[in-house]
Amino acid sequence: MTSRRVLLASLAAAPFAGAASALAQATQVTGAGASFPNPVYQRWGEGAKAAGIELNYQSVGSGAGVNQIRNRTVDFGATDAPLGQQQLAEGNLMQFPTVMGAVVPIVNIPGVADGQLRLTGELIADIYLGKVTRWNDPRIVEMNAGVTLPSLAIAPVYRADASGTSFVFTSYLAAVSEEWKTRVGAGTSVRWGTGAGARGNEGVAGTVRNTRGGLGYVENAYASVNRLAVAQLRNKAGQYVRASMEAFQAAAASADWNAPGFAANLIDQAGATSWPIVSPTFILLPTNPQDPARIRAAMRFFDWAYTGGDAAARELEYIPLPDAVKQQVRAAWGRISVGGQPAWPAR
Amino acid sequence: MSATTSPTGISAVPGRAKDERASAALGRRRARTDAVVRVLCVLATAIGLFFLVSILATLVVRGIGGLSLHVFTDVTRPPGSHGGLLNPIVGSLIQVALATLVGTPIGMLVGTYLAEYAGGSRFGGVVRFVSDVLLSAPSILIGLFVYQILVLPFGGFSGWAGVAALAIIVIPVVVRTTEDMLRLIPNTLREAVIGLGAPKWKMIVLVCWRSAASGIITGVLLAVARVAGETAPLLFTSLGNLNWSVSLSQPMSSLPITIYSYAGSPYEDWITLAWTGALIITLGVLGLNVLARGVLRARR
Amino acid sequence: MAQVVVAEAVPAAPPRPATRRGGGAGDAIFATLCRACAALVLLLLGAIIVELFIGGLPAFRAFGAAFLASSEWDPVQEVYGAGVPVYGTILTAVLALLMAVPVAFGIAFFLTELAPAWMRGPVGTAIELLAAVPSIIFGMWGFFVIVPVMAGTIQPAIIDTVGELPLIGALFQGPPFGTGLFTAALILAIMVLPFIAATMRDVFLQVPGVYKESAYGLGATRWEVMRGVVLPYTRISVVGGIMLGLGRALGETMAVTFVIGNANRIATSVFGPGNTIASLVALEFGESAAGSMKLSALLALGFILFVISFGVLALSRWLLRSRLKG
């Protein structure tokens, strides 16, 4: 009887022992927020395991991420929509960028291949305003000579959750369409006039893939992973560009990082080959951290990402930050203190 | 029907033939209607059963692949790291167990009040009505309520808030079954016990509760089955926790919440885990339901 | 059911005052405890109503009575209105009932009259098990199994045929997202189906046999007995059961959130995306900062949902009162 009790007790304790030993090997860093950089964060998480850091990141959308770090339910928050100085001060947060990425329009039209369809910002704005409803609308046909467009209803898809990707996309639409700017505006959550909502970049990609006639906007990595057809966009210089690393880099080259909170604006940049919708994505860390171990673990993770994560980022077609910016960020980390000691460099 | 009608339906009396043809036609029409309705009802039942089978089949097909001991022994990990569901399972067990522990005594006392003390009083009627409303009220509103009183003032999501929300859902179920079971006990038993000199409270606790035990246990099992699958109230109270934590004053993970977030993610292994978690919950919930029915039938 | 063995009558023991006095204190304590818990339940309901109202008060004050009807939901301008989610809630619930009630009736009729005796138990249990499946399972099954079928097959087929008709075509137009108000109503229908069926079955079984037998004796078919005897007799309880199903459908969250398309607009087509109060609150709660107008609007919506479901559930219970007492 006793041996059976011992056996049962040890069986009951086994999962806990397993979990405890697994956790003892690596420090966990938890984060939540934007789905825009999720592919590269997950890739960095895999790489950082070798450095003894385990990343647990949930892509719940920029809005929810900001809320979670405000509530301190996670170690860091991630957002593509930068917070203003006042919001940062109110939440005791510091903000810094990690990578830059691009938002691309995706379509699901039978017979139209990747990179074949041409669209402009004003046209997309009009589609999302409900003014253009069929793929064989004269305006679309006119700019797509040589492409057979069926008489299919356009199924616009947008982000139902508060999303930094939406912020980037609507900022672009507001920049190129006066009507969009006045009627809808830019934001993580706007009043969409038509279309269906989906959760996360992954939801938009999935919905467009499953809906014939679908049109959506996602971060570039989601388009390639899901094998979705991306459309060309006309940039500020009047050229139609395909979504490619070169086009993204051309836009990123003119970033002004001196804006407060590192909030550089890369929308609709000049340049013959620039992609018009590029944006940095940001991390929010508390300026009044309570737990030294957790804040240092978070900083160590991003430091690892800065030093060793560029290759993975480029592979996923994100643009790494210039070295000078990385140095500025590290200096900003040094200004955070925990328990009376500066949090960075981590000992 | 005329007595002169021959078996062939042709009447010996002239002029009646038209009536009898009409009534025979009516009879055929009624039989046809009856047959059509029968077929439709069988179809309706088949539809209902089809959906049940489809749901269970989907759960098994998509979730059994991920089912292994590993799911029960490893914590949640990032996608691609072959994690498990240990902390959500433990978090769910803790919250459901505590909610049942808190809600059952309260529910039993209220049910006892309604059966033994209230009689036909208006107060009793109002309490019964309110309990029934709470029984069917949207659980998301319970979550919002607990958010207002236990999360906002204390500045954070916590396991205690989750327990409170689930307990509020447990109470009306236990109230209903306790009252129903106690009402089934014949008054002769009560009179006999009182006649032997026992005080009323002993009569209730030692005799009535014991007689109704199987029914009350059924109610508790059904309540557990109900709260084990609840997601919406936990969204606003215990929120979910990516880390391993058994602290009730911190956000606590739970299986339904984890399923919700994994199901919406783009990662194959997380989606499979979501299905596995869904399979675990459904087997648990259906198992509890079958067990509850078995308990009820066994003591009958 | 408790089995009670009735003991033979024994002569009552002589009264023992000591026991009764001690019992008196215990009785008082126990009775007070029971009453206090009963009062707690009342307090709970009151507190829920009050807290939801207080939470929503800033929104009510800012937008006034227009909040109830306004179909604005503009986070940029911070203008919110309940019109869209209320429309979605009521529409999906009504559509769900339209689909569920005939099927539930068929099941109840089958279980009470048509099925052979050996089948009634297992099939009845199976239907009740459908009721026990958690809401999130319905949501996942709906999203991963039903939505692709709708998007790939059913919606395109209906849009291309019925959608082209002159008048009612407008109800079936639009892109085939797969999600939408109709899909949500379908999932809701499957969810409330077992509740309505079980209630109907219970009330059908309560019809005194003598009424049915006399009808059969006159040569009535089963359907005629149901239509002419059982349904009129149980009419009120049947409506009560339907209201109970309605009450559940109004408040469903997880099943609906996955499949409704999450749009804050009133769509003319049933295939269009929308939102119910529950799905909107579940979706946007996580991103609403504490103390913001958006959060207050969500709590105000919660209050409205409570009022609606309270009304429906109260009506249902009043109609079922005769069944409950029986």
Side-chain angles (χ1 to χ4, degrees), chain B residues 30 33-34 37-38 40-42 44-45 47-49 51-52 55 58 106 109-110 112-113 117 127 129-134 136-138 140-141 144-145 148-149 152 184-186 188-189 195-197 199-201 211-212 225 229 231-232 235-236 256 259-260 263 278 281-282 285-286 289 300, chain C residues 1-2 4 6-7 12-13 16 19 23 26-27 30-31 33-35 37-38 41-42 44-45 48 51-52 55 103 106-107 109-110 114 123 126-127 129-130 132-134 136-137 140-141 145 190 193 221-223 244 247-248 251 253-254 278 281-282 285 290 299 302 305-306 309-310 313 317:
Chain B
R30 287 169 55 215
T33 317
D34 191 59
V37 171
R38 274 181 203 245
L40 287 176
C41 289
V42 170
T45 312
I47 290 177
L49 292 176
F51 284 126
L52 178 67
I55 292 175
T58 311
I106 300 179
L109 288 172
V110 179
T112 307
Y113 172 78
Y117 291 97
V127 172
F129 169 77
V130 167
S131 172
D132 278 347
V133 168
L134 281 176
S136 303
I140 188 174
L141 299 179
L144 280 178
F145 165 66
Q148 287 279 90
I149 59 168
L152 267 187
L184 286 174
I185 298 174
T188 46
L189 180 64
L196 288 171
K200 184 167 181 178
W201 73 272
S211 307
T231 319
L235 272 177
F236 309 103
I259 293 174
Y260 179 56
I281 285 192
T282 310
V285 164
L286 292 187
N289 268 278
R300 206 172 274 180
Chain C
M1 308 278 170
V4 174
V6 179
R16 295 161 62 188
T19 311
D27 267 347
F30 189 74
L33 199 59
C34 287
R35 268 197 199 92
C37 286
V41 169
L42 288 185
L44 205 53
L45 185 73
I48 293 177
E51 282 294 334
L52 287 176
V103 180
I107 295 177
F109 189 20
F110 179 80
L114 302 176
V123 172
I127 299 294
L129 285 182
L130 189 61
V133 174
I136 186 163
I137 311 291
M140 282 187 71
W141 173 76
V145 173
I190 303 171
L193 178 66
T221 63
R222 285 202 192 272
W223 166 237
L244 189 68
R248 282 208 70 94
T253 313
M254 300 321 294
V281 173
F285 177 80
L299 287 162
L305 177 63
F306 194 85
S309 23
F310 187 91
L313 289 170
R317 213 184 153 279

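Bear in mind that the values here come from a model prediction, so they are computed numbers and not experimental data. Every chain is numbered from 1 and lettered A, B, ... according to where its sequence line falls, protein lines coming before strand lines.
Contacts of B/L235 with chain C are made by both backbone and side-chain atoms, with heavy-atom separations under 4.5 Å. Neither the backbone nor the side chain of B/L40 comes within contact range of chain C; no heavy atom of the residue lies under 4.5 Å from a heavy atom of that chain. For chain B, the nearby parts of C/L305 are the backbone and the side chain; heavy atoms of each come within less than 4.5 Å. Of the two parts of C/L130, the backbone and the side chain both hold a non-hydrogen atom closer than 4.5 Å to a non-hydrogen atom of chain B. Contact annotation for C/M254: only side-chain heavy atoms (C-beta onward) come within less than 4.5 Å of a heavy atom of chain B. With a 4.5 angstrom heavy-atom cutoff, B/S136 touches chain C via backbone and side-chain atoms both. Heavy atoms of B/V285 lying under 4.5 Å from chain C belong exclusively to its side chain. With a 4.5 angstrom heavy-atom cutoff, B/A225 does not touch chain C via any of its atoms. Residue B/L52 touches chain C through both its backbone and its side chain, counting heavy-atom pairs closer than 4.5 Å. Both the backbone and the side chain of C/L129 come within less than 4.5 Å of a heavy atom in chain B. Only the side chain of C/S309 has a heavy atom closer than 4.5 Å to any heavy atom of chain B.
For the set C/V133, C/I190, C/L193, C/L52, the entry with the most heavy-atom pairs within less than 4.5 Å of chain B is C/I190. Ranked by heavy-atom pairs shorter than 4.5 Å toward chain C, the options B/T45, B/I281, B/I259 are led by B/T45. Chosen from C/G55, C/P134, C/A38, the residue pairing most often with chain B at heavy-atom distances under 4.5 Å is C/A38. Heavy-atom pairs under 4.5 Å with chain B peak, among C/I127, C/L45, C/I48, C/L33, at C/I48. The most heavy-atom pairs under 4.5 Å with chain B, out of C/F310, C/F110, C/F306, C/W141, come from C/W141.
The aromatic rings of B/W201 and C/F30 lie tilted to each other, with the angle between the two planes from 30° to 60°. Using cut-offs of 30° and 60° for the angle between ring planes, the C/F109 and C/W223 rings count as tilted.
Of the possible polar contacts, one joining the C/D27 side chain to the B/K200 backbone as a donor-acceptor pair under 3.5 Å is found. Counting only distance, with no hydrogens or angles, the side chain of B/T282 and the backbone of B/A278 share a donor-acceptor pair below 3.5 Å.
The side-chain heavy atoms of B/T33 and C/T221, taken from C-beta on, include no pair separated by under 4.5 Å. Residues C/E51 and B/I149 meet the side-chain proximity criterion, which asks for heavy atoms closer than 4.5 Å.
Checked for salt-bridge contact, B/R38 and B/D34 meet the test: a charged N lies under 4.0 Å from a carboxylate O.
When all heavy atoms of C/A278 and B/I140 are compared, the pair lying nearest together is O-CD1, 3.4 Å.
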